[in-house]
Amino acid sequence: MKPYRNLKIASLIQHELGEMLIREFNFEGALVTIVEVQVDDKLESAFIKLSILPFQKGPEVFTMIESRKRELQGKLLRKMNIKPMPRLVFKIAEE
């Protein structure tokens, strides 16, 4: 597999997921950005680092995103149409 494919898929996931977070979530008083997306070599997992401001709202926002992770993954699959679709793994970026 070509090494640039993972970078391209990571970039697409970051772009599409960022738009979904803006459209579908209401983070009252919080700013959420996707800092980095890393896709493993076999395209099994996509590790997504989120930055959440203010820091106090981090756990609340993170659980909101985690609860709808399956839905987000399904929408990404329909939007990007890649097989296999990497499993989304969210993490809060350490400041």
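Just so it is clear, the model here is predicted, and its values are computed rather than measured.
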Checklist entry - Linking Ile, Leu, Val, Met, Phe, Trp and Tyr by side-chain heavy atoms under 4.5 Å, what else ends up with F47? => result V89
Next on the checklist: Which heavy atom of F90 sits nearest to which heavy atom of F62, and what is that distance?
Outcome noted: O-CZ, 3.5 Å
Next on the checklist: Determine whether R5 and L43 satisfy the following criterion, side-chain contact (heavy atoms from CB on, under 4.5 Å), listing intermediate values before the conclusion.
Outcome noted: CA-CA 10 Å; R5 182 173 185 215; L43 300 177; 3.5 Å; yes
Next on the checklist: Taking side-chain hydrogen bond (donor to acceptor under 3.5 Å, both in side chains) as the cut-off, I'd like each qualifying pair that reaches into residues 53-66, sequence neighbours left out, listed once.
Outcome noted: E66-K69
Checklist entry - Closest heavy-atom contact between P54 and A30? => result CD-CA, 4.1 Å
Next on the checklist: If the condition is ring-ring contact (aromatic ring centres under 6.0 Å, His included), which residues does F27 pass it with, not counting sequence neighbours?
Outcome noted: F25
Checklist entry - Taking all atoms of both residues into account, what is the closest heavy-atom pair of I92 and G58, and its distance? => result CD1-O, 4.1 Å
Next on the checklist: Return the CD to CD distance between Q14 and Q38, rounded to the nearest 0.5 Å.
Outcome noted: 11.0 Å
Checklist entry - Do I34 and L50 come close enough that some side-chain heavy atom pair is under 4.5 Å? => result yes
Checklist entry - What pair of heavy atoms forms the shortest contact from K83 to L77, and how long is it? => result NZ-CD1, 4.4 Å
Checklist outcome for this item: Contacts of R78 meeting side chain to side chain contact (heavy atoms under 4.5 Å, CB included) (sequence neighbours excluded), chain-then-number -> K75
Checklist entry - Of all residues at least two apart in sequence or in a different chain, which pass the side chain to side chain contact (heavy atoms under 4.5 Å, CB included) check with I82? => result I9, M80, M85, P86
Checklist entry - Taking atom CG of L53 and atom OG1 of T33, what is their separation to the nearest 0.5 Å? => result 7.0 Å
Next on the checklist: Are more than 12 heavy atoms, taken from residues, nucleotides or ligands other than R68, located less than 6.0 Å from that residue's CZ atom?
Outcome noted: yes
Item to check | Nearest-0.5 Å distance, CE of residue M20 to CD of residue E71 | outcome: 9.0 Å
Checklist entry - So L17 and V37, side-chain contact (heavy atoms from CB on, under 4.5 Å) or not? Walk me through it. => result CA-CA 10 Å; L17 190 60; V37 176; over 6 Å; no
Item to check | Value rounded to 0.5 Å, distance of CD1 in I13 from CG in N6 | outcome: 9.5 Å
Checklist entry - Are L7 and V35 grouped together when hydrophobic residues (ILVMFWY) are joined by side-chain heavy atoms under 4.5 angstrom apart? => result no
Checklist entry - Say you draw a straight line from OG of S11 to CD of E16; how long is it, rounded to the nearest 0.5 Å? => result 10.0 Å
Checklist entry - Going from CG on L21 to CD1 on I48, what distance comes out if it is rounded to the nearest 0.5 angstrom? => result 8.5 Å
Checklist entry - Which residues satisfy the side chain to side chain donor-acceptor pair (under 3.5 Å) test with R87, sequence neighbours excluded? => result S45
